[in-house]
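Accompanying notes for the structure given below.
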Amino acid sequence: MALSRRRFLSGSLSALLGLWLVPASVRARAAKPRAARHALPFRAVPMATGDAIVLPPGYRHQVLLPWGEPLCGRMPAFRGDGGGSAADQAEQIGMHHDGMHFFPEPEGNGFSSERGVLAINHEYIDPRLLHPLGWRPGGSPRPIEEVLKEMHAHGVSIAAVARDGAGRWRLRADRRNRRIHAATPVRFSGPAAGHPLLITPYAPDGRRGRGTMHNCAHGVTPWGTYLTCEENWATYFARLDGRQDPAAQRYGIPSGRDEEGWVSALGWHRVAPEEDPEYLARRFDVTPRGKEAVEDFRNEAHHFGWVVEIDPEDPDAVPIKRTALGRFAHEGASFQPAEEGQAVVCYLGDDHPFEHLYKFISRQAFRPGRTRGEILDEGTLFVARFQSDGTGLWLPLRHGEHGLDAAQGFRDQGEVLIHARLAASLLGATPLDRPEWVAIHPKTREVFVALTNNVERRESGPACPRAPNAFGHILRLRETEPLPKDDRDPRARRFRWTLFLLAGPEGEGAIGEAALDGDGAFACPDGLVFDRHGRLWIHTDMPSRAGERSPYARFGNNQLLVADPESGAIRRFLVGPPGCELSGACFTPDGRTLFVNVQHPGEPTTEALLAEGRLRSHWPDGHPARPRSAVVVVEREDGKPLLG
Ligand code: FEO
Ligand code: CA
Ligand code: CA
């Protein structure tokens with residue numbers, strides 16, 4: 001059995017784990033004999049480097065909804081040479097699939113496992129693959145057609161899917177099929193809506209905006225809507241006078257002068273004024289020009305970095321940016337199971353080195369059938385402080401408390417939320433190693449947090465024992481009282497934490513007190529999701545620019561693993577093509593079908609490789625096609641539930 005292959009830790013690793021895991025109760029728990037059986041009844045796949053999906057024996061897969069697939073019938077057809085228009089892209093699946101959820105259709109007294117709606121985030125794009133002749137920074141101005149196509153390839157896809165008579169999953173014609181992208185009208189709600197820092201020439205009331213982008217991971221609300229989380233949006237903006245204020249600096253808004261090289265990642269603001277009378281592209285220039293100036297979009301960057309609610313059932317519903325959840329590089333939004341009469345509780349990661357873990361607790365209680373998204377507009381955002389004795393505190397980001405006041409630069413609650421990172425630091429939140437996904441154990445309600453890596457760390461600290469941390473780790477939190485009545489309930493303020501998993505090579509990584517073996521060695525945990533049986537699915541996202549000599553080369557391509565927290569077993573279930581990351585695992589209610597995203601296969605693409613036809617990946621269409629992000633549907637060949 002897997003346990004017999006496990007080696008006990010070396011003294012040095014024990015010391016490393018023990019350094020921050022001292023509570024006696026924790027040690028006592030860890031010392032108990034492991035369950036003899038585990039819930040991972042499949043043969044682990046080896047690490048791999050091929051341009052293919054690798055699955056255990058007895059499993060099969062199909063590719064669904066690749067980038068460019070038309071969402072509304074056969075038109076506008078995808079053109080593999082990048083030749084489609086911006087208008088085409090607005091009706092096709094976006095690029096770089098990330099967080100995802102399967103919303104099953106109601107059926108009888110339950111839900112279908114054959115029909116439903118997939119909501120898919122598109123985290124970013126590769127402009128080299130998007131345009132026919134590739135793409136290279138430089139040159140001026142940028143054609144508006146290109147910039148619009150790039151905007152349209154970002155965002156979210158809502159796609160109705162079903163299994164056909166032959167057992168294949170297909171897109172189906174449906175009124176709900178829809179693209180939301182970086183130019184789609186949105187509105188703001190919650191404490192920051194209408195705030196002076198959200199006022200732009202487009203939004204004189206500070207309550208509406210255009211677009212969502214860098215949609216990373218996601219959340220599913222207890223009332224059945226989709227949350228999409230805006231992560232690495234900051235680099236798309238440019239302040240062109242070379243100046244910078246501390247808040248913009250903390251959020252990573254680039255500042256400089258275009259004549260010295262492109263300031264922003266894609267140069268969206270560099271379109272000719274006559275091509276962009278609505279400032280759809282030029283709004284990404286956030287240089288102050290004078291408050292009354294029509295081109296003064298200094299506040300446009302405040303329109304991004306939010307959690308956005310989308311109703312997958314209503315194609316006309318305007319996406320809503322829920323500002324009470326704070327503004328940062330949002331990774332995902334994960335709810336505790338909601339219970340009638342209790343507050344709703346949602347965990348949020350800010351994926352940047354030394355940023356923080358947050359949770360939101362609603363003011364109002366959850367009422368099944370009556371609660372809607374407005375419950376997210378009122379409540380308290382807390383940030384985590386981890387202490388070296390295995391305990392932790394949730395610190396409230398409330399204006400007027402603990403120094404969050406005008407003297408410290410926070411005029412009101414809106415400003416606390418817009419500059420949540422600054423507020424969190426002021427409160428003494430713990431800097432972490434890039435908090436990615438959070439997953440809630442369906443039975444124990446424990447909170448698992450992926451800290452993917454942080455090579456910038458120079459000193460270890462509570463919850464981050466390695467410096468530098470190349471391989472990442474996963475924390476396990478237990479709320480002292482998981483279900484408060486509302487955001488003022490003092491029970492919601494304390495938690496306990498342990499190190500659940502230290503990622504790394506065979507014999508160096510560890511789960512609990514057992515070293516990882518060859519079946520479970522990996523690096524850079526990112527996406528975390530529990531299945532209904534309490535097994536934790538772990539997606540990896542090792543940097544794709546790593547190269548042969550990097551510490552990640554030994555792990556092969558990125559992977560999807562399954563861990564059983566009960567027994568401490570972990571096994572590799574799927575390996576993706578080169579250059580991709582895996583993301584978005586979700587399941588049909590019957591547990592027979594897994595949907596998982598392959599994001600950016602072949603990354604990095606360079607101009608030279610594209611010109612020479614030497615791409616790292618041609619997945620999924622095969623040589624010589626350009627690679628495409630897509631959903632992979634995994635099932636067992638015998639039709640039984642995935643893991644029995
Ligand atoms: Fe979008 Fe932090 O991964
Ligand atoms: Ca991620
Ligand atoms: Ca990542």
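Order of listing sets the numbers, starting from 1, for every ligand and every atom in it. Just the heavy atoms: all of them, side chains too, but no hydrogens, waters or symmetry mates, feed the values below. Throughout, numbering of the chain's residues begins at 1 and tracks the sequence.
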Over all heavy atoms of both residues, which pair between A265 and W262 is shortest? Give the atoms and the distance, please.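 The pair with the smallest heavy-atom distance is O-CE3, 4.4 Å.
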
Closest non-hydrogen atom pair between H303 and K321, with its separation: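 Looking at all heavy atoms of both residues, the shortest contact is O-NZ, 2.8 Å.
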
Is E603 paired with R128 through a side-chain N to carboxylate O contact shorter than 4.0 Å?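 No, this pair does not count.
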
Side-chain heavy atoms of F304 within contact of H330, under 4.5 Å: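 No, side chains not in contact.
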
Tell me the angle that OE2 of E331 and OD2 of D526 form around the Ca ion (ligand 2), rounded to 10°.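 Vertex the Ca ion (ligand 2), arms to OE2 of E331 and OD2 of D526: 130°.
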
Ring centres under 6.0 angstrom apart (H600, Y124):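 Yes; Y124 has its ring centre under 6.0 Å from that of H600.
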
Could you please tell me which protein N, O or S atoms lie under 2.8 Å from atom 2 (Fe) of ligand 1?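 Sorted hits: E231 OE2, E331 OE1, D351 OD2, E436 OE1.
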
Within less than 3.0 Å of the Ca ion (ligand 3), any N, O or S from E436?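 It does; at least one qualifying atom falls short of 3.0 Å.
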
Metal proximity, D541 vs the Ca ion (ligand 3), N/O/S cut-off 3.0 Å: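 Yes - counting backbone and side chain alike, D541 has an N, O or S atom under 3.0 Å.
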
N121 side-chain N/O to E123 backbone N/O, donor-acceptor pair under 3.5 Å: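 No, the answer is negative, given that no donor and acceptor are paired below the 3.5 Å cut-off.
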
Check for me whether R421 meets the cation-pi criterion with Y251, that is, NZ or CZ under 6.0 Å from the six-membered ring centre and within 45 degrees of the ring axis.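 Yes, a cation-pi geometry.
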
